[in-house]
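Report on the following structure.
When reading the values below, keep in mind they use all heavy atoms of this one structure, side chains included, and skip hydrogens, waters and symmetry mates.
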Amino acid sequence: MLFGCGVAACMIDLFVFHLGLHWHHFYDRSTPGVALTADGFFHAFGWFITVWALFLLADLRRWATVRWPRWCAAVITGTGLFQLFDGVVDHKLLRIHQIRYGVDLLPYDVTWITASLVLLGLGALGLRRYPHAQPRSQPRRD
């Protein structure tokens with residue numbers, strides 16, 4: 001799930017909405033300089049989470065057989081969790097940014113939250129379908 005959160009933060013939100021479309025920054029309630037600085041910290045934090053998740057995956061591979069379908073389901077769940085948190089907490093409760101400015105937000109918010117819930121549902125189905133891996137008695141040495 002952590003990897004999904006990192007991918008959602010670094011790849012989807014930052015590259016698509018912040019850098020590509022220029023729709024918003026992580027913190028839009030101040031000057032453009034502050035917004036860019038906030039994006040930088042957000043980007044660094046997203047990559048930190050992504051790399052941390054990969055270290056956890058490497059450790060898991062030492063102690064158990066990784067069930068890739070379950071891992072993919074966890075990534076999808078993490079992506080949905082991040083998007084839902086961003087859409088509800090960042091956009092609506094804290095109002096540190098919105099998806100877009102100068103437009104009717106309702107279609108964007110509905111799309112954002114619906115996509116989050118779909119990702120969460122798909123991830124939860126996958127996690128339910130694919131059980132946990134059995135741990136090894138000894139760590140793998142390769």
Side-chain angles (χ1 to χ4, degrees), residues 1-136 139-142:
M1 282 191 224
L2 200 59
F3 187 76
C5 288
V7 166
C10 294
M11 304 302 281
I12 299 169
D13 198 28
L14 192 74
F15 282 139
V16 174
F17 296 103
H18 295 210
L19 300 175
L21 298 172
H22 297 211
W23 281 4
H24 65 257
H25 298 283
F26 182 70
Y27 186 73
D28 279 333
R29 300 184 70 153
S30 186
T31 64
V34 170
L36 287 175
T37 302
D39 277 351
F41 282 113
F42 178 63
H43 198 176
F45 182 71
W47 279 112
F48 172 76
I49 288 174
T50 304
V51 171
W52 181 23
L54 291 175
F55 275 108
L56 291 174
L57 176 63
D59 191 48
L60 175 66
R61 289 191 67 212
R62 287 182 56 218
W63 289 99
T65 301
V66 176
R67 295 186 186 232
W68 293 107
R70 182 174 176 80
W71 188 80
C72 290
V75 170
I76 292 169
T77 303
T79 303
L81 278 173
F82 174 83
Q83 294 298 93
L84 185 63
F85 178 85
D86 190 40
V88 173
V89 175
D90 292 342
H91 296 178
K92 297 301 151 200
L93 296 177
L94 298 177
R95 297 186 170 275
I96 60 175
H97 64 254
Q98 296 296 323
I99 297 173
R100 289 190 77 176
Y101 293 95
V103 297
D104 180 17
L105 282 176
L106 184 62
Y108 291 95
D109 287 337
V110 168
T111 302
W112 192 273
I113 299 296
T114 302
S116 303
L117 294 174
V118 168
L119 288 170
L120 271 174
L122 290 173
L125 284 174
L127 288 174
R128 185 181 168 117
R129 180 173 180 179
Y130 301 106
H132 285 281
Q134 296 298 319
R136 294 187 174 111
R140 210 164 99 181
R141 298 279 179 210
D142 57 351

Quiz prompt | Nearest atoms (heavy-atom pairs only) where F26 meets H97 | solution = O-ND1, 2.7 Å
Self-check item: From OH (Y130) to CG (L125), nearest 0.5 Å
Solution: 10.5 Å
Quiz item: Restricting to pairs with a member in residues 69-83, which pass side-chain hydrogen bond (donor to acceptor under 3.5 Å, both in side chains), not counting sequence neighbours?
Solution: R70-H132
Self-check item: Intermediate values then yes/no, side chain to side chain contact (heavy atoms under 4.5 Å, CB included), L56 and L60
Solution: CA-CA 6 Å; L56 291 174; L60 175 66; over 6 Å; no
Practice problem: May I ask you to test the P131-R67 pair for a side-chain heavy-atom distance under 4.5 Å? | Solution: yes
Quiz item: So how far is it from T111 OG1 to L106 CG, rounded to the nearest 0.5 Å?
Solution: 9.0 Å
Quiz prompt | F41: partners by ring-ring contact (aromatic ring centres under 6.0 Å, His included), with sequence neighbours left out | solution = none
Quiz prompt | Residues forming a side chain to side chain donor-acceptor pair (under 3.5 Å) with D39, sequence neighbours excluded | solution = H18, H25
Quiz item: Restricting to pairs with a member in residues 42-58, which pass side-chain hydrogen bond (donor to acceptor under 3.5 Å, both in side chains), not counting sequence neighbours?
Solution: H43-W47
Quiz item: Under the salt bridge (charged side-chain N to carboxylate O under 4.0 Å, His left out) rule, what pairs show up with a residue in residues 47-59, not counting sequence neighbours?
Solution: D59-R62
Quiz item: Mind checking what makes ring-ring contact (aromatic ring centres under 6.0 Å, His included) contact with Y27, not counting sequence neighbours?
Solution: none
Quiz item: By side chain to side chain donor-acceptor pair (under 3.5 Å), which residues pair with Y108, not counting sequence neighbours?
Solution: R100
Quiz item: Is the count of non-hydrogen atoms from other residues, nucleotides or ligands lying under 6.0 Å from F55 atom CZ greater than 12?
Solution: no
Exercise. Just jot down the side chain to side chain donor-acceptor pair (under 3.5 Å) partners of W23, sequence neighbours excluded, or say none.
Key: none
Quiz item: Which pair of heavy atoms, one from D28 and one from A35, lies closest together, and at what distance?
Solution: OD1-CB, 4.2 Å
Exercise. For residues G78 and C5, report the shortest heavy-atom separation together with the two atoms involved.
Key: O-SG, 3.4 Å
Quiz item: Do you know which of V7, L81, L54, I49 makes side chain to side chain contact (heavy atoms under 4.5 Å, CB included) with L2?
Solution: I49
Quiz item: Of all residues at least two apart in sequence or in a different chain, which pass the ring-ring contact (aromatic ring centres under 6.0 Å, His included) check with F48?
Solution: none
Self-check item: With sequence neighbours excluded, residues passing salt bridge (charged side-chain N to carboxylate O under 4.0 Å, His left out) with D109
Solution: K92
Practice problem: Search all heavy atoms of G87 against all heavy atoms of H91 and return the closest pair with its distance. | Solution: O-CB, 3.1 Å
Practice problem: Go through D13 and F82 one step at a time and tell me if the side chain to side chain contact (heavy atoms under 4.5 Å, CB included) criterion holds. | Solution: CA-CA 10 Å; D13 198 28; F82 174 83; 4.3 Å; yes
Self-check item: Check: Q98 main-chain N/O paired with H24 side-chain donor or acceptor under 3.5 Å
Solution: yes
Quiz item: Just how far is it from atom CZ of R95 to atom CG of L93, taken to the nearest 0.5 Å?
Solution: 9.0 Å
Quiz item: Applying salt bridge (charged side-chain N to carboxylate O under 4.0 Å, His left out), which residue pairs with at least one partner in residues 74-88 are found, sequence neighbours left out?
Solution: none
Self-check item: Of all pairs that satisfy side-chain hydrogen bond (donor to acceptor under 3.5 Å, both in side chains), the ones with a partner from residues 116-125, not counting sequence neighbours
Solution: none
